[in-house]
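In what follows, a structure is listed as C-alpha cells, so that the remarks can point back to it.
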Amino acid sequence: MTTTKTFTMIKPDAVTAGNSGAIIKIIEAHGFVVSAMKLTQLTAAQAGQFYGIHKERPFYNDLVDYMSGGPIIPMILEKENAVEDFRALIGATNPVEAAEGTIRKLFATSISANAIHGSDSHKNALIEGDFFFSNLEKMK
Ligand code: UDP
Ligand code: MG
C-alpha cells in the first residue's frame with residue numbers, strides 16, 4: 001500500500017463564506033490526513049506565478065484578481081492514491097458539472113469561485129506544496 005501526497009487550497013470564496021471547517025471535515029472523513037496547513041493571502045504576483053500555466057487563457061487576469069483578493073488555506077494531504085482520489089472528491093471545475101456530494105457541488109458558486117483547488121498530478125503536487133511550504137521537507 002503506497003501512501004502519497006497531494007496539495008490543496010481552500011479558495012477565498014469558501015474561506016470568506018465560513019465553509020473552511022465543513023470542507024476540512026469532509027476531507028478528513030474521506031481518509032485524507034492533513035500534514036501541513038496555514039491561512040494566508042497571495043499577492044497578485046504570487047497568484048500569477050501559481051497559475052502561470054493558464055497565462056494565455058482568457059480567464060487568467062480575473063483568476064489572479066480573485067485568488068489574491070482574499071484569504072486562502074493551503075494544505076498538504078496524505079492518503080493512498082491521494083492525487084486521483086482528491087480530484088474525484090472535489091469534482092469538476094464547473095460546479096454545474098460537478099457530481100453530487102463533491103466539494104465543488106456543495107460549496108462552489110461559479111466556475112471561477114469554485115471553493116477549492118486540487119493538484120492534477122504527483123509532479124504538480126510536489127511543485128505546489130513546495131510553493132507554500134518550502135520550509136518543510138513534507139513533499140520529498
Ligand atoms: N477557471 C475559470 N474559468 C474557466 C476555467 C477555470 O475561472 O473557464 C479558474 C477556476 O478557478 C479553476 C482554475 O481557473 O479552478 C484553474 O483551472 P483548471 O482548468 O486548472 O481547473 P481545476 O484544475 O481547478 O479544476
Ligand atoms: Mg488545474
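Counting convention: from 1, in listed order, for ligands and their atoms alike. Below, all heavy atoms of this structure are taken into account, side chains as well, without hydrogens, waters or symmetry copies.
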**Request:** Write out the protein residues near ligand 1, meaning a non-hydrogen atom under 4.0 Å from one of its atoms, in order of chain and number.
**Result:**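 Answer by chain and number: Lys11, Tyr51, His54, Phe59, Leu63, Arg87, Thr93, Arg104, Ile111, Ser112, Asn114.
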Can you give me every donor-acceptor pair (side chain of residues 49-65, partner residue at least two apart or in another chain, under 3.5 Å) with its distance?
from	atom 1	to	atom 2	distance (Å)
His54	ND1	Arg57	NH1	3.2
Tyr60	OH	Gly48	O	3.0

**Message:** More than 12 heavy atoms of other residues, nucleotides or ligands under 6.0 Å from CD of Glu84: yes or no?
**Reply:**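 No - once you tally the heavy atoms of other residues, nucleotides and ligands closer than 6.0 Å, there are 12 at most.
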**Request:** Would you sort out whether Ile72 and His117 count as a side-chain contact (heavy atoms from CB on, under 4.5 Å), showing the intermediate values?
**Result:** CA-CA 10 Å; Ile72 57 165; His117 169 83; over 6 Å; no
**Asked** Under 3.5 Å, is there a donor-acceptor pair between the side chain of Arg104 and the main chain of Pro95?
**Response**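 The answer is no, because no donor-acceptor pair under 3.5 Å joins these two groups.
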**Message:** Can you tell whether the side chains of Arg87 and Asp120 come within less than 4.0 Å, N to carboxylate O?
**Reply:**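 Salt bridge flag = no for Asp120 with Arg87.
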**Request:** Please find out if less than 6.0 Å separates the ring center of Phe132 from that of Phe7.
**Result:**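 For Phe132 and Phe7, the ring centres are under 6.0 Å apart.
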